[in-house]
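Notes for the one structure printed next.
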Number of protein chains: 2
Amino acid sequence: MRWRTVPRRKSLYWAMANPVPNPRKNLLLAALPATELKRLRPHLRPVHMDLGHVLYEPGRHLDHVYFPTDSIVSLLYVMEDGSSAEIAVVGDEGVVGISLFMGGETTPSRAVVQSAGNFFQLPGQALKTEFGRGGAMQHLLLRYTQALITQMAQTAVCNRHHSVDQQLCRWLLLSLDRLHGDELVMTQELIANMLGVRREGVTEAAGKLQDAGVIRYRRGHIKVLDRDHLEGLSCECYAVVKKETDRLLPYLHRQ
Amino acid sequence: MRWRTVPRRKSLYWAMANPVPNPRKNLLLAALPATELKRLRPHLRPVHMDLGHVLYEPGRHLDHVYFPTDSIVSLLYVMEDGSSAEIAVVGDEGVVGISLFMGGETTPSRAVVQSAGNFFQLPGQALKTEFGRGGAMQHLLLRYTQALITQMAQTAVCNRHHSVDQQLCRWLLLSLDRLHGDELVMTQELIANMLGVRREGVTEAAGKLQDAGVIRYRRGHIKVLDRDHLEGLSCECYAVVKKETDRLLPYLHRQ
DNA sequence: TTTCCTGTGTGCGCTGGCGCACGGTCCCGC
DNA sequence: GCGGGACCGTGCGCCAGCGCACACAGGAAA
């Protein structure tokens with residue numbers, strides 16, 4: 001497990017060849033009333049991050065929060081002996097860095113980019129100010145936090161009771177939901193780190209899924225062919241998290 | 001797993017034989033400035049609950065939150081097939097029912113009294129009003145919630161990587177910290193339900209601890225004889241949760 | 001084209017925890 | 001004081017997942 005800790009800068013050329021990002025591509029920001037978003041707007045800065053980039057380290061004070069637009073981030077815990085486990089995934093439905101407004105400023109876990117892409121960066125102070133107003137932003141952040149709690153709790157249960165096969169299905173579904181696609185760029189080794197299992201375990205589980213025609217696997221690329229079947233093979237944990245997330249964050253559907 | 005779902009009422013005689021409870025025995029309430037506690041005071045009602053009493057069921061709308069004074073509560077998740085796992089423990093350092101102020105109103109987990117004792121019950125509306133003022137109460141509740149999140153995350157990791165032996169140690173330590181004692185009234189069967197393992201697994205682990213002179217076990221009563229040794233046998237998870245809880249909730253020590 | 005590294009498939013022995021079953025013992029209530 | 005039910009101890013076969021080791025393949029860089 002060696003993650004790059006320095007963001008790779010995109011060239012000016014790259015920046016010019018790409019359109020100006022829109023904050024409303026993050027669904028949490030999109031759910032804000034126009035007046036609140038307008039207040040935040042001057043503080044929001046688009047950034048790009050590659051796979052493996054570390055958004056924050058355990059115990060390290062955070063300066064910013066990050067709103068993913070087309071990327072996903074894993075909150076993962078690395079233990080003394082080097083083994084790791086994912087606690088939760090964050091995509092365009094949420095925000096990375098909740099401990100800033102929760103008051104703790106740091107967490108014992110690490111946030112790592114699991115799928116490269118774009119974010120909006122917001123200074124912690126701006127977030128705290130907006131949160132302190134007690135308006136829509138506070139409301140949204142708290143509900144999102146509860147959804148995150150649900151995900152963590154379910155991860156705990158899943159780790160206890162379900163097989164690697166089932167957990168892989170759950171993990172794929174959660175990730176794909178946040179990417180809004182059917183393809184994932186991810187090695188089996190990395191998936192194993194997230195699930196906290198052996199790489200060989202993932203190889204075997206993925207092999208079964210491929211034989212069943214549910215996914216197609218090719219050297220770091222996973223494509224889901226039969227999503228319904230995948231949901232059927234997953235444990236109940238996926239459905240619980242999805243249902244609860246949809247309940248808590250109805251804005252995910254209000255287009 | 002059959003929990004009593006109706007609270008056993010204490011007789012008037014019992015009530016008279018017992019002193020009037022003090023809200024400041026709950027450390028979260030104790031940390032409030034006098035003016036805020038005074039505002040809440042008229043709404044706080046002392047209640048007693050027995051082992052196994054269910055404070056709330058998954059998906060059920062909550063009317064009250066509960067501040068334990070000398071009791072502890074397990075947040076646990078029960079799966080479709082009946083197997084269960086504890087997500088976190090709450091004692092006099094916190095409050096049961098965070099989803100009320102987080103905005104979700106319900107959670108997919110269940111809250112069960114793990115050690116009989118007393119609580120202060122507060123109507124949800126009173127809590128929300130106070131939370132909405134954005135004062136000390138909000139601040140405390142959010143920091144407490146973050147501590148709870150840490151505990152859940154660590155539970156997830158622990159479930160993934162550590163042995164039943166280690167987990168039992170962690171669990172005993174977390175529970176005893178919240179009871180401020182060295183004795184626990186709890187059957188091995190119940191501990192097994194909390195940890196989400198077999199009863200026999202707990203029997204074996206507890207046997208080892210007893211042979212090592214760390215605990216003394218007698219039919220539903222556990223007494224810790226050598227706490228330092230117990231901490232040594234536990235996985236890192238206990239220390240992580242304790243350290244983070246102490247950091248987030250310094251009021252636990254301000255007497 | 002060749003090289004070489006990264007990623008993937010496979011095999012094997014080991015062990016922790018599971019499911020099941022049954023026997024012993026403590027204590028509560030009649 | 002004497003059932004009987006709740007609680008605890010133990011044994012056994014089974015298997016998912018682990019650690020390790022090695023062979024093979026895709027693909028990027030030289």
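So you know, we letter chains A, B, ... as the sequences are listed, proteins then strands, and number each from 1.
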Could you tell me whether the side chain of A/R199 has a donor or acceptor atom within less than 3.5 Å of a complementary atom in the base of C/dG9?
-> yes
Hey, what bend do you get for the helix from C/dT1-D/dA30 to C/dC30-D/dG1 if you fit axes on five pairs at each end, rounded to 10°?
-> 30°
Using only heavy-atom distances, determine whether the side chains of A/N118 and A/D70 contain a donor-acceptor pair under 3.5 Å.
-> yes
Applying side chain to side chain contact (heavy atoms under 4.5 Å, CB included) to A/Q166 and not counting sequence neighbours gives A/H162, A/S163, A/C235
List for me each residue that meets side chain to side chain contact (heavy atoms under 4.5 Å, CB included) alongside B/D226, sequence neighbours excluded, and say none if there are none.
-> B/D228, B/H229
Return the set of residues passing side chain to side chain donor-acceptor pair (under 3.5 Å) with A/E93 (not counting sequence neighbours), or none when no residue passes.
-> A/R178
Would you check, one step at a time, whether the test side-chain hydrogen bond (donor to acceptor under 3.5 Å, both in side chains) holds for A/Q188 with A/R199?
-> CA-CA 6 Å; A/Q188 296 186 346; A/R199 196 260 316 159; 4.7 Å; no
Give me the residues of residues 200-221 of chain B where at least one heavy atom lies under 4.0 Å from an atom of DNA chain C, by number, or none.
-> B/E200, B/R218, B/R219
Let me know the distance between CG of A/L190 and C1' of C/dG7, rounded to the nearest Å.
-> 11 Å
Please report, rounded to the nearest Å, how far the P atom of C/dT8 is from the CD1 atom of A/I191.
-> 8 Å
Can you check the B/L195 CG to C/dG16 P distance for me, whole Å?
-> 18 Å
Do A/T106 and B/R247 meet the criterion of a side-chain donor-acceptor pair at a distance under 3.5 Å?
-> yes
C/dC18 phosphate, OP1 or OP2, under 4.0 Å from B/R198 side-chain N/O = yes
Among all residues two or more places apart in sequence or in another chain, which pass the side chain to side chain donor-acceptor pair (under 3.5 Å) test with A/E189?
-> none
Rounded interatomic separation in angstrom, taking NE2 from A/H161 and P from D/dG17 | 14 Å
Over how many whole Å does the gap from B/E189 atom CD to D/dC7 atom P extend?
-> 8 Å
Partners passing side chain to side chain donor-acceptor pair (under 3.5 Å) against B/D177 (at least two apart in sequence or in another chain) = B/R227, B/Y238
Could you list the protein-to-nucleotides 2-4 of chain C atom pairs, N/O on both sides, closer than 3.5 Å?
none

Sort and list the pairs that fulfil side chain to side chain donor-acceptor pair (under 3.5 Å) and have at least one residue in residues 206-219 of chain A, not counting sequence neighbours.
-> A/D165-A/K208
Determine: side-chain N/O of A/Q188 to OP1/OP2 of C/dT6, distance under 4.0 Å, yes or no.
-> no
Carefully, step by step, assess A/L173 and A/E231 under the rule side-chain contact (heavy atoms from CB on, under 4.5 Å).
-> CA-CA 7 Å; A/L173 289 165; A/E231 292 191 20; 3.8 Å; yes
Consider only side-chain N and O atoms of B/H161 and A/N159, and report whether a donor and an acceptor are under 3.5 Å apart.
-> no
Where along residues 162-174 of chain A does a heavy atom come under 4.0 Å from DNA chain D, residue by residue in number order?
-> A/S163, A/V164
Under the side chain to side chain contact (heavy atoms under 4.5 Å, CB included) test, which residues partner B/K25, sequence neighbours left out?
-> B/N22, B/T69
Contacts of B/S175 meeting side chain to side chain donor-acceptor pair (under 3.5 Å) (sequence neighbours excluded), chain-then-number -> B/Q114
